[in-house]
Amino acid sequence: MRAIIDADPELARVLQLAECVVPGLRGEQSDAPLPDALRHDDEIAGGATALRALCRHWTQSHGAAGAHYVALRCWGLAIWQPIYLGVIAAHLDTHVPRLAGLAQPVVDGFPGGFRLPVHVPATGDLSTRMRLVADELRRLCRSTREALMPLVALHPRAADRLQAECVLGALLALRRHESAMGDADVVAVGADWLAQLGIDGGCGFFAYRARDGTTALALDRKVCCHHFRRHDGEKCSTCPKLPLDTRIARLLADPS
């Protein structure tokens, strides 16, 4: 009979903190298998079964939007949770999780929450935590991309840019949660993250004046997700295909 492994308290705290910053980012720690989940460390050896199902779902649902839409949609869905988890942990906690064995259950084409094997997360100062997370994310994103590219038309530069967008999006989520993190801090640390991940210049920020007169930051995206090509889609508020003044106007019109 297999022994029950107790949950690690530091890892439990990290997972709870990540969910506090992004309520949809629900993580648990367990060594129990999670059937039909995305597992980034064995997708190649396992025949990319879960990724194939993910790609099939989006091809069947919105294939008319084009191959680039399907590719970027699947790539972004596969990597955003581990990226947000790692960035949030590095900045808001003393410990950062290891991502080996991370599994994401998929329901109706969307990874919802994730499971990590029980382990003691690594620790160190901020620069050490960022380096540790960057190492984990490079491995995870590389294995995911290698498994995904035979299945969809994923362009390497577009993949880099969407990955960079996820990283900076995580920083914006942190900025909303942590008021002590100023705009200049976000810009500087964002450049540091992208450099450590080898995706420098893949995304950036632009500043604008919010409705209350304060300055705000938004993603200066370098790749279009092609959502507007869906029958029910339109260009995102920060779509790089839109002029900057139109993007700012859309941001100001957003009630959130």
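Residues: numbered from 1 along the sequence shown.
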Quiz item: So if you build clusters from Ile, Leu, Val, Met, Phe, Trp, Tyr with side-chain heavy-atom gaps below 4.5 Å, do M149 and L137 land together?
Solution: yes

Practice problem: Please report the C-alpha distance between V21 and L25 in whole Å, then the side-chain angles of each, then the deciding distance to 0.1 Å, and finally whether the side chain to side chain contact (heavy atoms under 4.5 Å, CB included) criterion is met. | Solution: CA-CA 8 Å; V21 176; L25 193 61; over 6 Å; no

Quiz item: If you look only at pairs with a residue in residues 214-236, which of them pass as a ring-ring contact (aromatic ring centres under 6.0 Å, His included), with sequence neighbours excluded?
Solution: H62-H231, H68-H226

Practice problem: Could you tell me whether a side-chain N or O of Q104 sits under 3.5 Å from a main-chain N or O of G113, the two making a donor and an acceptor? | Solution: no

Quiz item: Hey, does V96 have a side-chain heavy atom less than 4.5 Å from the side chain of P121?
Solution: no

Quiz item: Would you say the side chain of V152 lies within less than 4.5 Å of the side chain of W58, judging by non-hydrogen atoms?
Solution: no

Self-check item: Candidate list L38, L34, L116, test side-chain contact (heavy atoms from CB on, under 4.5 Å), partner L102, passing option
Solution: L116

Quiz item: Can you tell if the side chain of V106 reaches within under 4.5 Å of the side chain of F110, non-hydrogen atoms only?
Solution: no

Practice problem: Would you mind telling me which of Q16, R129, R13 makes a side-chain hydrogen bond (donor to acceptor under 3.5 Å, both in side chains) with D93? | Solution: R13

Self-check item: Minimum side-chain heavy-atom gap V223-P240 below 4.5 Å
Solution: no

Quiz item: Which residues pass the side chain to side chain donor-acceptor pair (under 3.5 Å) test with D185, sequence neighbours left out?
Solution: none

Self-check item: Shortest non-hydrogen contact from L219 toward G169
Solution: CD2-N, 3.9 Å

Practice problem: Answer yes or no: is there an ion pair linking D135 with R138, defined by an N-O contact shorter than 4.0 Å? | Solution: yes

Quiz item: Is any side-chain heavy atom of I79 less than 4.5 Å from a side-chain heavy atom of R145?
Solution: no

Exercise. Run the numbers on Y208 and L244 for side chain to side chain contact (heavy atoms under 4.5 Å, CB included), then give the verdict.
Key: CA-CA 10 Å; Y208 67 100; L244 181 59; over 6 Å; no

Practice problem: Please examine the side chains of R247 and F206, heavy atoms only from C-beta on, and report whether any two atoms are closer than 4.5 Å. | Solution: yes

Self-check item: 4.5 Å side-chain heavy-atom contact, M181 and H91
Solution: yes

Practice problem: Please confirm whether the backbone N or O of A216 pairs with a side-chain atom of R175, one donor and one acceptor, at under 3.5 Å? | Solution: no

Practice problem: Answer whether the closest heavy-atom distance between the side chains of C55 and L148 falls below 4.5 Å. | Solution: yes

Quiz item: Among the clusters formed by ILVMFWY side chains lying less than 4.5 Å apart, do L242 and L72 turn up in the same one?
Solution: no

